[in-house]
Amino acid sequence: MLSVVIVGGGPNGLMLACELALAGVRPVVLERLTGPRTEPRANGLVGQVVRMLDRRGLYARISGSGAPPRPAPRYMFGAFTLDLTGLPHNPVSVLPAPQAQIEKVLAERAVELGVDLRRGQEVTDVRQDADLVRITLADGESVTARYLVGADGGHSTVRRLSGIGFPGVTTDDFVTRSANVSVADEHLGPEGDLRVPGYGSLPALLYVRTERGTITWGLLPGRAPVLNTTEVGTQDESTAPMTFEEMMASAERVLGVPVPLGPPRGEGPHLLRRLVGGNTRLAERYRDRRVLLLGDAAHVHSAIGGPGLNLGLQDAVNLGWKLAATVRGQAPDALLDTYDEERRPVAERVVASTLSQSALMRPGPEVTALRTVFEELLASPGGTERIAHLLAGTTEGFAPDLVIHTGAGPRRLADLTTGARPLLLDPRGDFAEAAKPWLDRVDVVHGRTEGTSATGLLLRPDCHTAWTGHGPDDVSGLRAALHQWFGAPLTDGCEPERAGNR
């Protein structure tokens, strides 16, 4: 019997597979498609997930840069441009990369870690009892596992067969069109903005709202430029194949003038897509006994602001160490239940964010009035910062970027968390003795720590703070946190085979 089966080999399923493997549990990933996806999808990552990928050593592999993530000077919310340069702690980091590149890096990392990735495997039935889950495949073969994770998208077979409800709302009164395009040099501004005769400058990668809809345009590294429009009203042509001429007609309707763009150059596949309406749905629960849901299988919503992969990949990081500890018999009681308790409220916030942005971007004089009021709120003290954290998917307790001055020199927190193990930062050596019974599963690092005044920090594998020390005598609090999150210790005084001291 297998320990864990993950259904779905997209970015979320692959990220979970990597997290499990780092924790000593090597899952089997069943992917319906026979090869990686090639069609254009997401264009990158935004927010807290960018720093989390940095802390697993994946940011450099995806970005191709050895530099750490940097906060973005501006971002967008509901077709408002947010100036983030004045924030004391800007949480909005951006990693522009096509989803195919993200998926490729994650697949390579999963294979490096020994994950069994099986393509061309379609799941047709799921049944579970108190001890196992039986998964039946389209070819009649069946496998059994102690746990099954559905990472198989918004139309999740695992969710449906497990009887987990997926309530929400469906909207069908708007049409979104997207296409790759080409642009002549004379129409490009110095900041990548598009100069549109009769209209003015269309800024890059920012939504522009008019009384007829919204439009966004952008140059993306190494790829053809992208144009996107959204218009209210069901279109008669929505059942016919999408054409480039339809894309350009939509852009002209939204802006009121022709847009100087041409068809994409070079070999494809090129983006040319029409979506009518959209779904916003959230699973009633993320866990049903031995079945868990992840990513789009647990939540679907608008792509406004780019929250999808941010949310799903962080689901994977939260779930991975908890599921691994459960499989290995080291988990405290009900640890696995905290996955739903911690991540479902985050999804509720994303749903609220995307629905509110959609409302703010609709045409109409009443929406224009609402936007005037909202713009005043953004300008109020703390308004932009609050929205920035909402966009970034900031979760309470996520550790800041710290620098630890160890005996081997300064180390970034990201250098110490690539192994996905719990980490005790013990600047003055006050707490190492108290943590000794847990050294088989917790790493301890000594050294002056920049970025915090705490006398000690205990971090979970997902880089969230489990305990903060406020004095050298706060040993009981540390021991309570170690018990709560990482289970029963070894016998006090017993030296473990694998101590994680560095």
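Remember, it's a predicted structure, so these values are computed and weren't measured experimentally.
- Between R55 and L53 the shortest side-chain heavy-atom distance does not fall below 4.5 Å.
- Checked against salt bridge (charged side-chain N to carboxylate O under 4.0 Å, His left out), D426 has no partners two or more places apart in sequence or in another chain.
- Contact between P225 and W217 at its shortest, heavy atoms only, is CB-CZ3, 3.4 Å.
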Result block: side-chain N/O donor-acceptor pairs under 3.5 angstrom for residues 88-99, not counting sequence neighbours:
| unit_1 | atom_1 | unit_2 | atom_2 | d |
| --- | --- | --- | --- | --- |
| N90 | OD1 | V92 | N | 3.0 |
| N90 | ND2 | A72 | O | 2.7 |
| Q99 | OE1 | A42 | N | 3.4 |

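- Side-chain atoms of N228 and S178 form a donor-acceptor pair, as typed in the model, at a separation below 3.5 Å.
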Considering only distance and modelled atom types, tabulate donor-acceptor pairs under 3.5 Å from the side chains of residues 102-109, sequence neighbours left out.
| unit_1 | atom_1 | unit_2 | atom_2 | d |
| --- | --- | --- | --- | --- |
| K104 | NZ | E108 | OE2 | 2.8 |
| R109 | NH1 | E112 | OE1 | 3.3 |

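- Atom CG of D193 and atom CG of L205 lie 11.0 Å apart (nearest 0.5 Å).
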N/O donor-acceptor pairs under 3.5 Å from side chains in residues 27-34, not counting sequence neighbours:
| unit_1 | atom_1 | unit_2 | atom_2 | d |
| --- | --- | --- | --- | --- |
| E31 | OE1 | G9 | N | 2.6 |
| E31 | OE2 | L33 | N | 2.8 |

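- Interatomic distance, CG of L424 versus CG of L482, reported as 7.5 Å (0.5 Å rounding).
- Residues L402 and I404 have side chains in contact (heavy-atom distance under 4.5 Å, counting atoms from C-beta outward).
- Both the sub-6.0 Å distance and the 45° axial angle are satisfied by R290 relative to the ring of Y147.
- L336 contributes atom CG, which lies 8.5 Å from atom NZ of K322 (distance to the nearest 0.5 angstrom).
- In terms of heavy atoms, A325 sits closest to L335 at CB-CD2, 4.2 Å.
- Heavy-atom neighbours of R412 CZ from other residues, nucleotides or ligands within 6.0 Å: above the threshold of 12.
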Which pairs would a plain distance check flag for residues 12-19, meaning a side-chain donor or acceptor within less than 3.5 Å of a matching protein atom at least two apart in sequence or in another chain?
| unit_1 | atom_1 | unit_2 | atom_2 | d |
| --- | --- | --- | --- | --- |
| N12 | OD1 | L313 | N | 3.1 |
| E19 | OE1 | R56 | NE | 3.4 |
| E19 | OE1 | R56 | NH2 | 3.0 |
| E19 | OE2 | R56 | NE | 2.8 |

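- Closest approach of L458 to F486, counting heavy atoms only: CD2-CE1, 3.9 Å.
- Counting only heavy atoms from C-beta outward, the side chains of P332 and H483 never approach each other to under 4.5 Å.
- The existence of a salt bridge linking E341 and R287 is excluded, since no basic side-chain nitrogen approaches an acidic carboxylate oxygen closer than 4.0 Å.
- Side chains of L423 and V442 form no contact here, defined as non-hydrogen atoms less than 4.5 Å apart.
- Rounding to the nearest 0.5 angstrom, the gap separating the CG atom in D296 from the OG atom in S156 is 10.0 Å.
- Between V403 and T449, every side-chain heavy-atom pair lies at or beyond the 4.5 Å cut-off.
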Let's go through R479 and W438 carefully: what are the C-alpha distance in whole Å and the side-chain angles of both, what is the deciding distance for side chain to side chain contact (heavy atoms under 4.5 Å, CB included) to 0.1 Å, and is it a yes or a no? CA-CA 9 Å; R479 283 182 171 270; W438 284 270; 3.8 Å; yes

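- Partners of F77 under the ring-ring contact (aromatic ring centres under 6.0 Å, His included) rule, at least two apart in sequence or in another chain, are F374.
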Might you work through the salt bridge (Lys or Arg N to Asp or Glu O under 4.0 Å) test for D83 and R74, ending with a clear yes or no? CA-CA 5 Å; D83 182 359; R74 62 180 184 175; over 6 Å; no

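- Listed by chain and number, the residues in a ring-ring contact (aromatic ring centres under 6.0 Å, His included) with H470 amount to none (sequence neighbours excluded).
- Judged purely by atom type and a 3.5 angstrom limit, T354 uses its side chain to pair as donor or acceptor with the backbone of V351.
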Report the C-alpha distance between D288 and R285 in whole Å, list the side-chain angles of each, state the deciding distance to 0.1 Å, and finish with yes or no for salt bridge (Lys or Arg N to Asp or Glu O under 4.0 Å). CA-CA 7 Å; D288 178 48; R285 57 192 184 279; 3.7 Å; yes

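- For the pair L282/H301, no side-chain contact is recorded, criterion being any heavy-atom separation below 4.5 Å from C-beta on.
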Side chain to side chain contact (heavy atoms under 4.5 Å, CB included) between V25 and V4, intermediate numbers included: CA-CA 8 Å; V25 174; V4 178; 4.1 Å; yes

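- The stretch residues 388-423 participates, sequence neighbours left out, in these ring pair (Phe, Tyr, Trp, His ring centres under 6.0 Å) pairs: F398-H464.
- Interatomic distance, Q314 CD to L319 CG, rounded to the nearest 0.5 Å: 13.5 Å.
- The closest side-chain donor-acceptor pair between E342 and N318 falls under 3.5 angstrom.
- To the nearest 0.5 Å, atoms OG1 (T214) and CD (Q357) are separated by 11.0 Å.
- More than 12 heavy atoms of other residues, nucleotides or ligands lie within 6.0 Å of CZ in R289, so this atom counts as buried by the packing criterion.
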Intermediate values then yes/no, side chain to side chain contact (heavy atoms under 4.5 Å, CB included), Q48 and T395: CA-CA 8 Å; Q48 184 171 290; T395 49; 2.8 Å; yes

Full working for side chain to side chain contact (heavy atoms under 4.5 Å, CB included) between V49 and L309: CA-CA 8 Å; V49 72; L309 283 179; over 6 Å; no

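- Between D443 and R421 a salt bridge is recorded (basic side-chain N to carboxylate O distance below 4.0 Å).
- Scanning for ring-ring contact (aromatic ring centres under 6.0 Å, His included) contacts around Y286 gives Y339, with sequence neighbours left out.
- Taking the side chain as every heavy atom from C-beta outward, L20 and L323 approach each other to under 4.5 Å.
- Side chain of S353 to backbone of R349: no donor-acceptor contact under 3.5 angstrom is found.
- Side-chain contact between V46 and L391 is absent, with no heavy atoms from C-beta onward closer than 4.5 Å.
- Residues satisfying the salt bridge (charged side-chain N to carboxylate O under 4.0 Å, His left out) criterion with D462, sequence neighbours excluded, are R460.
- Every residue meeting the side chain to side chain contact (heavy atoms under 4.5 Å, CB included) condition with L161, not counting sequence neighbours, appears here in chain and number order: D125, V126, T157.
- Put simply, the side chain of T465 never gets that close to the backbone of L459: no donor and acceptor are under 3.5 Å apart.
- Every ring-ring contact (aromatic ring centres under 6.0 Å, His included) that F431 has, sequence neighbours left out, goes to W467.
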